[in-house]
Amino acid sequence: MIVPGVGIRLEAVKALVVLPTYNESANIAVVLRRIRAAAGPVDVLVVDDSSPDGTAEMAEALGRELGGIEVLRRPEKQGLGSAYRDGFRIGLSRGYDTLVEMDADLSHDPATLPEILRQIGVGADLVIGTRYMPGGSIPDWPWPRRAISKTGNLYARCLLGISARDSTSGFRAYHRRALERIDLDAVRADGYGFQVEMVYLVERGGGLLTEVPIEFRDRTLGHSKMSSRIVVEALVLVTWWGLRDRFRKDSARAPIRAA
Ligand SMILES: Nc1nc2c(ncn2[C@@H]2O[C@H](COP(=O)(O)OP(=O)(O)OP(=O)(O)O)[C@@H](O)[C@H]2O)c(=O)[nH]1
Ligand SMILES: [Mg+2]
């Protein structure tokens, strides 16, 4: 399969989509089929935290049918950040050169995957699917919710000196060289905090960031696992990192691109 626009073969990008799931039985089959249809050669690792609704069993059945899909079953619900950390460790140890983050609730359109992978193919260390750039949108959100999310992103951007316009977005891809520079064991945040922390660490480590516009849709099936605890955690951590870096002159303002 050739990515339209530029002649990069998807087969040449050895990519693993890490798909964290908790009670996504209503969405898992559709999202896996759509990933396969949009980006045929990529592999998928479903990281399931013993969903009581049988998500893992459904994913395994889809794996037998479509191939290239594995399920990591974890014993209990441990959060999104921890699911990605485990998924990345497995992907890195197996030699994948690109690790993709994506929600399983169809908020992220798998049709954007080829463009995200193309950007990795042309040299990006981190590609973020961004809602807040020309071409990006969140059609299902009323303006007050969009404003809160945008303000949170602006706060993180100003305080941490990062360039990402949508550092809380969970649709993104890392080249393995960016992840190898990060001590995943030291990344503690979950949810939005995890997403912001990863952008911060990649940019601080000299990683090259690229953004592509995405349309973010609200889930139509299943239930959100988002909580106010996750929002508060992100706010507290961003404030802490920002203040800490202001007092540690040499820590935060590393050049954006390093060896
Ligand atoms: N393995 C695992 N996956 C999780 C956990 N919490 C959430 N997820 C998955 O992470 C993805 C995002 O979770 P959502 O509940 O949709 O949260 P969100 O997309 O940030 O918020 P919404 O706006 O409510 O959709 C989904 O695929 C969830 O199934 C968890 O503790 N463990
Ligand atoms: Mg969601």
Side-chain angles (χ1 to χ4, degrees), residues 16-35 44-60 62 69-91 99-110 112-113 128-132 136-142 144-150 152-153 156 166-172 184 187-199 214-235:
L16 179 70
V17 177
V18 180
L19 205 63
T21 55
Y22 190 75
N23 284 345
E24 297 291 358
S25 62
N27 297 308
I28 189 69
V30 180
V31 75
L32 288 173
R33 285 188 196 285
R34 285 180 53 190
I35 291 171
V44 182
L45 177 66
V46 176
V47 182
D48 186 76
D49 285 356
S50 295
S51 300
D53 72 348
T55 303
E57 291 75 13
M58 292 179 76
E60 281 167 353
L62 260 289
I69 296 168
E70 255 192 75
V71 181
L72 171 67
R73 288 168 175 258
R74 306 198 307 169
E76 60 188 9
K77 191 171 185 318
Q78 294 168 64
L80 189 72
S82 137
Y84 277 128
R85 287 190 288 272
D86 280 356
F88 292 162
R89 284 189 197 100
I90 290 174
L99 284 305
V100 179
E101 279 187 22
M102 197 175 151
D103 290 354
D105 59 0
L106 294 166
S107 288
H108 301 144
D109 185 352
T112 315
L113 273 174
I128 300 185
T130 296
R131 299 162 291 181
Y132 308 122
S137 62
I138 319 174
D140 305 324
W141 286 11
R145 186 164 178 203
R146 271 206 303 271
I148 291 169
S149 165
K150 243 179 145 165
N153 268 290
D166 195 356
S167 59
T168 55
S169 169
F171 194 12
R172 53 175 70 186
L184 288 174
V187 178
R188 291 258 164 262
D190 208 353
Y192 293 138
F194 171 77
Q195 306 297 9
V196 179
E197 186 170 11
M198 291 298 287
V199 175
I214 58 162
E215 180 186 76
F216 180 95
R217 304 302 305 232
D218 267 341
R219 68 160 71 237
T220 53
L221 298 170
H223 298 288
S224 172
K225 286 102 219 169
M226 183 50 56
S227 67
S228 50
R229 182 191 69 77
I230 283 171
V231 178
V232 171
E233 179 206 51
L235 212 59

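What's counted below: heavy atoms across the whole structure, side chains too, no hydrogens, waters or symmetry copies. Order of appearance sets the numbers: ligands from 1, and atoms from 1 within every ligand.
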(request) Classify the contact between His108 and ligand 1 as side chain, backbone, both or neither, using a heavy-atom distance cut-off of under 4.0 Å. (result) neither

(request) Taking all heavy atoms of Gly129 and all of Ile214, pick out the closest pair and write down the distance. (result) O-CD1, 3.4 Å

(request) Look only at interatomic distance and state if Tyr192 has a nitrogen or oxygen under 3.5 Å from any nitrogen or oxygen of ligand 1. (result) no

(request) Using a strict cut-off of 4.0 Å, indicate which atoms of ligand 1 neighbour a heavy atom of Glu24. (result) 26 (C), 27 (O), 28 (C), 29 (O)

(request) Go through the steps for Phe171 and Phe216 under the test side-chain contact (heavy atoms from CB on, under 4.5 Å), then give the verdict. (result) CA-CA 9 Å; Phe171 194 12; Phe216 180 95; over 6 Å; no

(request) Among all protein heavy atoms, pick the one closest to atom 9 (C) of ligand 1 and tell me residue, atom and distance. (result) Pro20 O, 3.4 Å

(request) Could you tell me whether Phe216 and ligand 1 have an N or O pair separated by under 3.5 Å? (result) no

(request) Among all protein heavy atoms, pick the one closest to atom 1 (N) of ligand 1 and tell me residue, atom and distance. (result) Val47 O, 3.0 Å

(request) Indicate yes or no for a side-chain donor-acceptor contact from Lys225 to the backbone of Tyr22 under 3.5 Å, with no hydrogens or angles considered. (result) yes

(request) Looking only at distances, please establish whether an N/O atom of ligand 1 is found under 3.5 Å from an N/O atom of Thr21. (result) yes

(request) Can you pull out the closest protein heavy atom to atom 4 (C) of ligand 1? Residue, atom name and distance to 0.1 Å, please. (result) Tyr22 CB, 4.0 Å

(message) To check your reading of the model: name the closest protein heavy atom to atom 16 (O) of ligand 1, its residue, and the distance in Å.
(response) Asp105 OD2, 2.7 Å

(message) What protein heavy atom lies closest to atom 11 (C) of ligand 1? Include the residue and the distance to one decimal.
(response) Asp103 OD1, 3.6 Å

(message) Under 4.0 Å, heavy-atom basis, I'd like to know which part of Lys225 is in contact with ligand 1: side chain, backbone, both or neither.
(response) both

(request) Measure from the side-chain N and O atoms of Asp49 to the backbone N and O of Arg74, and report whether any donor-acceptor pair falls under 3.5 Å. (result) no

(message) For the backbone of Asp218 and the side chain of Asp140, can you confirm whether one donor and one acceptor N or O come within less than 3.5 Å of each other?
(response) yes

(request) Starting from atom 6 (N) of ligand 1, find the nearest protein heavy-atom neighbour and note its residue, name and distance. (result) Lys77 NZ, 3.5 Å

(request) For ligand 1, note which part of Ala83 has a heavy atom under 4.0 Å away: side chain, backbone, both or neither. (result) side chain

(request) Please name the atom of Asp105, restricted to N, O or S, that is closest to the Mg ion (ligand 2). (result) OD2

(message) Within this structure, what is the CD1-CG distance for the pair Ile28 and Leu221, rounded to the nearest 0.5 Å?
(response) 13.0 Å

(request) Using distance alone, decide if ligand 1 has a nitrogen or oxygen within less than 3.5 Å of any nitrogen or oxygen in Asp48. (result) no

(request) Among all protein heavy atoms, pick out the one at the shortest distance from atom 23 (O) of ligand 1; state its residue, atom name and that distance to 0.1 Å. (result) Arg145 NH2, 3.7 Å

(request) Quick one: look up the protein heavy atom nearest atom 14 (P) of ligand 1 and list residue, atom name and how far away it is. (result) Arg219 NH2, 3.6 Å

(message) Salt bridge or not between Arg188 and Glu233? Use side-chain N to carboxylate O under 4.0 Å.
(response) no

(message) I'd like to know whether Ile35 forms a side-chain contact (heavy atoms from CB on, under 4.5 Å) with Met102, so could you lay out the CA-CA distance, the side-chain angles of the two residues, the decisive distance to 0.1 Å, and finally the verdict.
(response) CA-CA 10 Å; Ile35 291 171; Met102 197 175 151; 4.0 Å; yes

(request) Report yes or no: does Arg85 contribute a side-chain atom to a donor-acceptor pair with the main-chain N or O of Val187 at less than 3.5 Å? (result) yes

(request) Report yes or no: does Glu101 have a heavy atom closer than 4.0 Å to ligand 1? (result) no

(message) Within a 6.0 Å radius of atom NZ on Lys77, are there more than 12 heavy atoms belonging to other residues, nucleotides or ligands?
(response) yes

(message) Any donor-acceptor pair under 3.5 Å linking the side-chain atoms of Ser169 with those of Tyr132?
(response) no

(request) Answer yes if the side chains of Asn153 and Thr168 hold a donor-acceptor pair under 3.5 Å, and no otherwise. (result) yes

(request) Would you check the N or O atoms of Ser224, main chain and side chain alike, for any that come under 3.5 Å of an N or O of ligand 1? (result) yes

